[in-house]
Every structure is written in structure tokens, then in C-alpha cells.
Amino acid sequence: MQRKYTLVIILCYLFVFLNGQINISLDLPVENLPSDGRLLMLISTDNTSEPRFQLSDNDNTQQVYGIDIENLTSKHLTVNTSELYGYPLETFDELPEGEYNVQFLFHRYETFHRKDGHIVKLPMDRGEGQQWNRAPGNSFSKPIRIASKALQNSSFSITDVIPEIKEPEDTKYIKHIKIQSKLLTEFWGRPMYLGAHILLPEGFDEHPEAKYPLAIMHGHFPKDFGGFRVEPPDENLKPEYSSRFGIMGYNNMVQEEEHRFYKLWTGPDFPRVIAIEIQHANPYYDDSYAVNSENLGPYGDAITYELIPYIEEQFRGIGEGWARFVYGGSTGGWEALAVQVLYPNEYNGCYAACPDPIDFRAMCLINLYEDKNAYFRPGTFKQTLIPGHRDYLGEVSSTIKDMNQLELALGSKSRSGQQWDIWEAVYSPVSADGYPMRIWDKKSGDINPEVAAYWKENYDLRYIMERDWKTLGPKLEGKINIYCGDMDNYYLNNAVYLAEAFLEQTQSPYYRGDVDYGDRAEHCWNGSHELPNHISRLRYHEFFITKWASNIKNRVPVGADLSSWRY
């Protein structure tokens, strides 16, 4: 009998040792206690900032482990380290011995009772643009220096809560609006809002008779209207080094460009339009991709038929499709082309720079319709990892597998709030559990051809244009303009090549637009062959508003108002 009890004790000890436990206490006010979410364990060797700010796709990333927490009813929880999923080290037992800065963060989820009958738990945006490490209401522990051996069976206390974000204030030129969307509220089963930052033209108050075209910039969540600065550059601003561009003082250049645009905007020769940047963060990402989606709801209709008419009514917009145009880069580039293709009569021109993949035969370096795996190129005796990020010389810093492993550590069920997960959330049908169907297995990379077929029919923009050109072409003539660097960091130029091949062979009508490439230009190149990429990417408003205004005459109905806003 004694031996039996001794054996049980030994087995229990071995279980705890091999499946170490970490105890977490949430020392928070009742109103800040989470019920559901993702618990993240952040581990770093870098003392320059908190571990929650040190994750990336690149070689200098620090470590994260994550686990789902559901229906938490107490202030205490215990985590088995064997159940954690991590990046870049996948399992906890791979962590090398040493001393680390360790921090915990609880990314809280909300329960949604959607119109389609599904009940899902997701992290609602709280004004920060779906940034888990800055989201108001998320709670975290102070970083603690601790040896790796001591992590097993250790205790941590989550004590701090990220505060609310202050809304930007109106100025003479920039206004801010937010409306509750009837369409999105109905879909999500709770109040849902759309917002916009609005840059009014010079002379808006002095010309009450004028009505204006609408310049719509699509892109990631904007905290305020970007690229516009009334005040001269701050002479006391300490220059900072930009590792992306290899330039010292890039922050100073940004302020110089912002003030330069202010002077152009208020000068005598700039087109008088209303320029807007849209806020449409949602439970999956910092923007919605501006289209209707089974998982996100009718964002395309809500933006086009609710938000935009409201802005035009409030700020004297012309309010007709011919007097609206769209532009943007990266995600915004895809959105600009998407809304032009899917709502061809509601917009009169798109300028899509470095767009996210617009042909899914080149989903970065993946052919979704022919490849079997998204992570590896298969061979008889070896597998080659597929690159995900490069510089202008082709040096690879991350793979597709790396990027997806980070997302899976940050959130299961497409809930990471990152790039590959939002493509999945927007483009995929809903699965039986209410979350997006996986385009590929997140761990193995094996592609689901049925989901790929759904993506093709609904969101492959090149395919949709080619499939429907007989009826769509006359509505798109002269409206499509695409720009991309031929060394785009994410290989986005490959899809542009395929789309261009289709557009150049169009007939009845010929597309009559523009596709252009920047030599050795990286991500966010937008058509300038004279300026370096780090400057041209700061001039989206200037480039595309002036392009549209100079090309609009041949694409307006008889009697269109081309004069009241040209003063």
C-alpha cells in the first residue's frame, strides 16, 4: 500500500514537472475582469521596451505563447505550459535556458449573437484599430526578469488595464463623424459604427454654393486624417532612424511632407474636393476590406450606401457616382480596386497602389488553385519554404509559415487580427462553428481547394473582371489604374502582372487605364519615377487627387457640375 501511494506521488510530480503550470492572478477591479479571450505569454531578451511591443515577422522578433480562455469566473487561472502554442518557438519546452523579461496580456473577447444564428467570441475593436497590445480594456502584467527554469510553476499577477483612447478633435479643415450602421448592427446583433476623418477644401465656408467631389482614401485604420499638418515642422523634433528605409531623420521628413501638403491643399491651384479616410475596424481586423462578407457582414453596402451618402449630405458633396473616386495602397489598394469593380456605377476611378493580391493565382507566392501547400514547395526528397517578405535586393526575412505561426499564437479561429487571418475572414465562407473556414490548415499549410474555389468566385478581382467583362467592361472603361514596385516586399507585383495581362487584351471596350511598375521599388510604391519610395509614399493625396481632377472630363454625364468646385 505504501509503495502504491509513493508511486502516485511520483507520477503526480512527474506530471507537474513535464507539464509545468503557471499561476495567473487577475488583480483587477470587477468591471475590468475578462471572461473570454486569448492569454498571451510574452518573453523577451530585449530591455528597450515591454515584451508586448516586440513581436514581428523578422529575425529580431521575441517570443510569444498563447492559449484560449473561455468562461472565466474567478480571478485566478492556471495554465499548463504543454498546452501553449508559440512563435517562433512552437512549444514551451523549446525555450532555451536563460533569463528573460516575461509579461502576460489578456486579450479580451466579446460574445456576438449574429444574424446568421452563430454565436461567436471575438475581440471587438475599441478605437485602437485592432492592436491587441494597445487595445483599451486589455489587461497585462508588469514585465518581470526571471530565469527560464523558474518559469515552471511560477506565479504572475495581471494588474494593469490599457486606458481608453481620446477621440481626435475637430479643426478648421478636419472634421470627424461616426454613424451607427443599420446594416452592420443588424448583422452583428449589437450597435456597430462607421466613422470617417474628413478634410474640407480651402474656401469651404466662403463658397456655400459649391458642391464637391469626394476623394475616398482606403487603407488601414486611421487615427486621424493623415498627411496633413497646418503647423510648420517641429524644429526641436529629435531625428529618428528608419530601419525600413535606412534613413536618419525620417520622422522629420514626414512632418515636412505633411506641412507641404497643407500648403498645396490651401494654395490657389489644388482641386477643391472633400477628402476622407474611413474608419471601419471590426471584430477581425483594423478594416473590413470594404466589401460584403459572410464573416464580417455587409461592409461594402454599409460604406457605399450609408456612410458615403451621409458624408455628402453633411458636407455638400455632389452625391453622384461620377463625382466619387477611390485610392489607396496595400490593403487600401485592394479595396480601391474592389469597390470600383463590385460597385462600378458608384465610383468613377480607382488608383490602386501596391494592392494586396488581386489575382489568387499569385496570392503572394502561392497559387491557390494549383498548389497543394501554402508553406512548402514540394520535391521528391526535399521541401523548400516559401518566402513571405523580402527587401529590394531579394533578401528574405520571413516565410509564409513564419507569418501564419505568429497569427496562430496570437489567436485561434482567424482571431489574430493579422494579415492572413483577415484575408481568411473576409474571403471565406462561414464554417459550422461560426468562424471563417480555413483556406489552409494553419499548422501544416495544406490548402483546401473548396475554400479556394469560393475565394475565386467572390473575391479574385482579376477573375471577376475577366468573367464579367462583357457587362462590367463598359462601366470600368478609363477607371482602373494600378501601380506596384517590381520588388514589392510581399511579392504583390506578381498578381499585378497577371491582372495586367488580362487588362491589356480587353476589347469592347479596351480598359483604357494605367498599370505601371517601379524599378526595384518596395511596398507602397505609387507611380512616381522621380521621387524615392520613402517620399512618394507620403504623397498619396497629392498624386491621386490631381490625377483624377485632370482626367475626369471624359467620364462625366451631360450637365455634370464641373464648375462650382473649381474656384
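What you are looking at is a predicted structure, and each value in this text was computed from that prediction instead of being measured.
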Using atom types as modelled and distance alone, determine if a side-chain donor or acceptor of [X] lies under 3.5 Å from a backbone N or O of [Y].
X	Y	value
Asn58	Asn60	no
Arg324	Glu346	yes
Ser141	Phe104	yes
Thr399	Leu385	no
Ser428	Glu424	yes
Lys479	Lys475	yes
Asn295	Ala425	yes
Ser398	Asp57	yes
Tyr65	Ala409	no
Gln340	Gly349	yes

Practice prompt. For Trp455 and Met363, run side chain to side chain contact (heavy atoms under 4.5 Å, CB included): C-alpha distance rounded to whole Å, both residues' side-chain angles, the deciding distance at 0.1 Å, then the answer.
Written response: CA-CA 11 Å; Trp455 283 32; Met363 192 72 187; 3.8 Å; yes
Discussion item. Aromatic contact between Trp334 and Tyr427, with the criterion being ring centroids under 6.0 Å apart: yes or no?
Written reply: yes
Discussion item. Taking the ring centre of each residue, are Tyr490 and His523 less than 6.0 Å apart?
Written reply: yes
Could [X] and [Y] be called an ion pair, given the rule that one side-chain N must be under 4.0 Å from one carboxylate O?
X	Y	result
Glu370	Arg361	no
Asp421	Lys442	yes
Lys372	Asp446	no
Asp68	Lys121	no
Lys182	Glu186	no
Glu522	Arg244	no
Arg134	Glu128	no

Regarding [X] and [Y], is there a side-chain donor-to-acceptor distance under 3.5 Å anywhere?
X	Y	value
Thr304	Tyr347	yes
Asp441	Tyr375	no
His76	Ser25	no
Gln130	Asp125	no
Trp469	Thr506	no
Asp356	Trp423	yes
Glu500	Tyr511	no
Thr159	Asp27	no
Asp286	His280	no
Ser44	Asp46	no

Drop me the distance from [X]'s [atom1] to [Y]'s [atom2], to the nearest 0.5 angstrom.
X	Y	atom1	atom2	answer
Arg108	Ile69	CZ	CD1	14.0 Å
Ile162	His107	CD1	NE2	9.5 Å
Leu410	Gln405	CG	CD	10.5 Å

Quick one: is the NZ or CZ of [X] closer than 6.0 Å to the six-membered ring centre of [Y], and within 45° of its axis?
X	Y	answer
Arg114	Trp188	yes
Lys456	Tyr463	yes
Arg415	Tyr284	no

Only counting residues at least two apart or in another chain, list the ones meeting salt bridge (Lys or Arg N to Asp or Glu O under 4.0 Å) with [X].
X	result
Arg52	Glu50
Glu306	none
Glu164	none

Worksheet item: Which is it for Asp460 and Tyr369 under the side-chain hydrogen bond (donor to acceptor under 3.5 Å, both in side chains) test, yes or no, and what are the steps along the way?
Response: CA-CA 11 Å; Asp460 185 323; Tyr369 311 138; 2.6 Å; yes
Worksheet item: Do Tyr109 and Pro34 touch side chain to side chain, with heavy atoms closer than 4.5 Å?
Response: no
Item to complete: Using the side chain to side chain contact (heavy atoms under 4.5 Å, CB included) rule, take Asn101 and Ile43 through it: C-alpha gap first, then chi angles, then the decisive distance, then the call.
Response: CA-CA 6 Å; Asn101 301 317; Ile43 300 175; over 6 Å; no
